[in-house]
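Down below is the structure, laid out as structure tokens.
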Amino acid sequence: MRNTAKITTAVLAAGTLTLGLTACGSDSSSTASSDTSGPLVVAASPTPHAEILTYVKDNLAKKAGLDLEVKEFQDYIVPNTATEDGSVDANYFQNQPYLDDFNQKRGTHIVPVVTVHLEPLGLYSHKVKSADALKSGATVAVPNDAVNEARALKLLAANKLITLKDGAGSAATPQDIATNPKNLKFKEVEAPQTARSLDDVDAAVVNGNFAISAGLKPATDALVLESAKNSPYGNFLAVKEGNEKDPRVVKLAKLLTSPQVKKFIEDKYKGSVIASF
């Protein structure tokens, strides 16, 4: 039986404010916790992060002498604020551009430990079978957080649905669109809602983990899919600065980049999640 603690959306709604205030009120010069005697508690998105961690917990951790506890979170905020204030020891759900933006805006001190996998971002639709079939004026849902929205627009630009202004970077928004031949309209929603919006819009750009959770298969269902080549969006294990050498974290980093985990990713996700090691 999985001993994975599931955090509901309702609890998150209340917890986000509390954790956020705690993080904002923390002393940026404070040292990371030195207590390494208990289980390593890792916050993770349910799919594929918590699934990968649960595989490690059930198959590899005991032999490595690692007591691992996995907590599932549905959002992209609490895992970092909880890592910052010590409610959890580490997290596994994000990429470098997102973390850089988060640390800058919220004053947190989260750092990557080891990159594990890439989840290609994709454009999906319940109404058309190809990106070219999108009609003039079609509505496309995109994630509303800065990094993932820019990433979504870059995906559309790479597939010639739009062009972006010169210099549009990791904070690009629809205002940075230079040309829009199909006069696409953009609906900005929270990343976990993009897949759920597919019945209400003509298409949606969905993060790989949320696509998989919604029963989509990125490798076959996406109208267009982000290239894994030279991608800066690999997902990694992260901790509060100062905890990188926690022996429990070192053990988990080694297990997450083991041949067994690579095979698990390849067998389970069949190209929808790609090992980065």
Side-chain angles (χ1 to χ4, degrees), residues 45 48 76-77 93-105 112 115-125 128 130-195 197-198 201-214 216-236 269 271-276:
S45 297
Y76 283 171
I77 297 174
F93 76 99
Q94 65 192 321
N95 57 54
Q96 192 68 58
Y98 179 84
L99 177 59
D100 290 344
D101 181 73
F102 192 98
N103 278 336
Q104 180 180 9
K105 290 181 177 178
T115 301
V116 181
H117 76 269
L118 172 74
E119 301 158 29
L121 203 71
L123 178 69
Y124 300 86
S125 177
V128 298
S130 70
D132 290 341
L134 286 169
K135 296 180 180 178
S136 179
T139 299
V140 179
V142 295
N144 66 358
D145 64 274
V147 170
N148 282 305
E149 182 169 49
R151 188 177 170 189
L153 294 174
K154 289 179 180 179
L155 173 67
L156 298 179
N159 288 277
K160 305 187 186 316
L161 291 169
I162 60 172
T163 64
L164 294 171
K165 296 175 183 176
D166 290 342
S170 60
T173 71
Q175 284 68 46
D176 293 300
I177 294 174
T179 63
N180 185 357
K182 288 181 177 286
N183 192 30
L184 299 176
K185 296 178 174 59
F186 295 94
K187 182 177 182 180
E188 297 168 304
V189 301
E190 293 185 3
Q193 304 301 320
T194 49
S197 73
L198 280 168
V201 297
D202 297 293
V205 180
V206 185
N207 291 73
N209 58 319
F210 295 126
I212 296 167
S213 295
L216 297 167
K217 298 178 180 178
T220 57
D221 293 340
L223 305 184
V224 297
L225 194 64
E226 195 174 43
S227 171
K229 186 177 181 180
N230 300 320
S231 174
Y233 300 113
N235 284 207
F236 46 67
Y269 302 110
S272 296
V273 176
I274 303 168
S276 299

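The model shown is predicted, which means the values in this text are computed figures rather than measured ones. Numbers here simply count residues along the sequence, with the first being 1.
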Is the backbone of T179 close enough, under 3.5 Å, to the side chain of T163 for a donor and an acceptor to pair up by distance?
yes
Looking only at heavy atoms, the pair that brings K165 and I177 closest together is CE-O, 3.9 Å
What one should report as the nearest heavy-atom pair of D145 and A191 is OD1-CB, 4.1 Å
Closest non-hydrogen contact found for A214 with A195 is CB-CB, 3.7 Å
One should read off an interatomic distance between I212 CD1 and S272 OG, to the nearest 0.5 angstrom, of 5.5 Å
By side chain to side chain contact (heavy atoms under 4.5 Å, CB included), T139 pairs with (sequence neighbours left out) K185, K187, V201, D202
Sorted by chain and residue number, the ring pair (Phe, Tyr, Trp, His ring centres under 6.0 Å) partners of Y76 (sequence neighbours excluded) come out as F93, Y98, F210
By side chain to side chain contact (heavy atoms under 4.5 Å, CB included), K135 pairs with (sequence neighbours left out) none
Closest heavy-atom pair, V206 versus A211, reported as atoms and distance to 0.1 Å, is CG1-N, 3.5 Å
For L134 and A203, the nearest pair of non-hydrogen atoms, with its separation, is CD2-CB, 4.0 Å
With heavy-atom distances below 4.5 Å as the criterion, would you say the side chains of P112 and L99 are in contact?
yes
Between the CD atom in E149 and the OG1 atom in T173, the distance rounded to the nearest 0.5 Å is 6.0 Å
Contacts of Q96 meeting side-chain hydrogen bond (donor to acceptor under 3.5 Å, both in side chains) (sequence neighbours excluded), chain-then-number -> D100
Shortest non-hydrogen pair, F186 vs I162, comes out as CZ-CG2, 4.3 Å
Between the NE2 atom in H117 and the CG atom in N95, the distance rounded to the nearest 0.5 Å is 9.5 Å
Contacts of D176 meeting salt bridge (charged side-chain N to carboxylate O under 4.0 Å, His left out) (sequence neighbours excluded), chain-then-number -> none
In this structure, CG of N235 is separated from OG of S45 (nearest 0.5 Å) by 8.0 Å
So OG of S130 and CG of L123: to nearest 0.5 Å the spacing works out to 10.0 Å
Rounded to the nearest 0.5 Å, the CG atom of L184 sits from the CG atom of L161 at a distance of 6.5 Å
- Query: Tell me, do V205 and T194 make a side-chain contact under 4.5 Å, heavy atoms counted?
  - Reply: no
Practice item. Without swapping roles, check the side chain of K182 against the backbone of D132 for a donor-acceptor pair under 3.5 Å. Key: yes
May I ask you to check whether over 12 heavy atoms, not counting those of N183, lie within 6.0 Å of atom CG?
yes
Quiz: residues 218-226 side-chain donor-acceptor pairs under 3.5 angstrom, not counting sequence neighbours:
{"unit_1": "T220", "atom_1": "OG1", "unit_2": "K217", "atom_2": "O", "d": "3.4"}
{"unit_1": "D221", "atom_1": "OD2", "unit_2": "K217", "atom_2": "N", "d": "2.8"}
{"unit_1": "E226", "atom_1": "OE1", "unit_2": "L121", "atom_2": "N", "d": "3.0"}
{"unit_1": "E226", "atom_1": "OE1", "unit_2": "R151", "atom_2": "NE", "d": "3.1"}
{"unit_1": "E226", "atom_1": "OE1", "unit_2": "R151", "atom_2": "NH2", "d": "2.6"}
{"unit_1": "E226", "atom_1": "OE2", "unit_2": "R151", "atom_2": "NE", "d": "2.8"}

### Message
Would L216 and L198 count as a side-chain contact (heavy atoms from CB on, under 4.5 Å) here? Give the steps.
### Response
CA-CA 11 Å; L216 297 167; L198 280 168; 4.0 Å; yes
(message) Quick check: do E188 and P174 have side-chain heavy atoms less than 4.5 Å from each other?
(response) yes
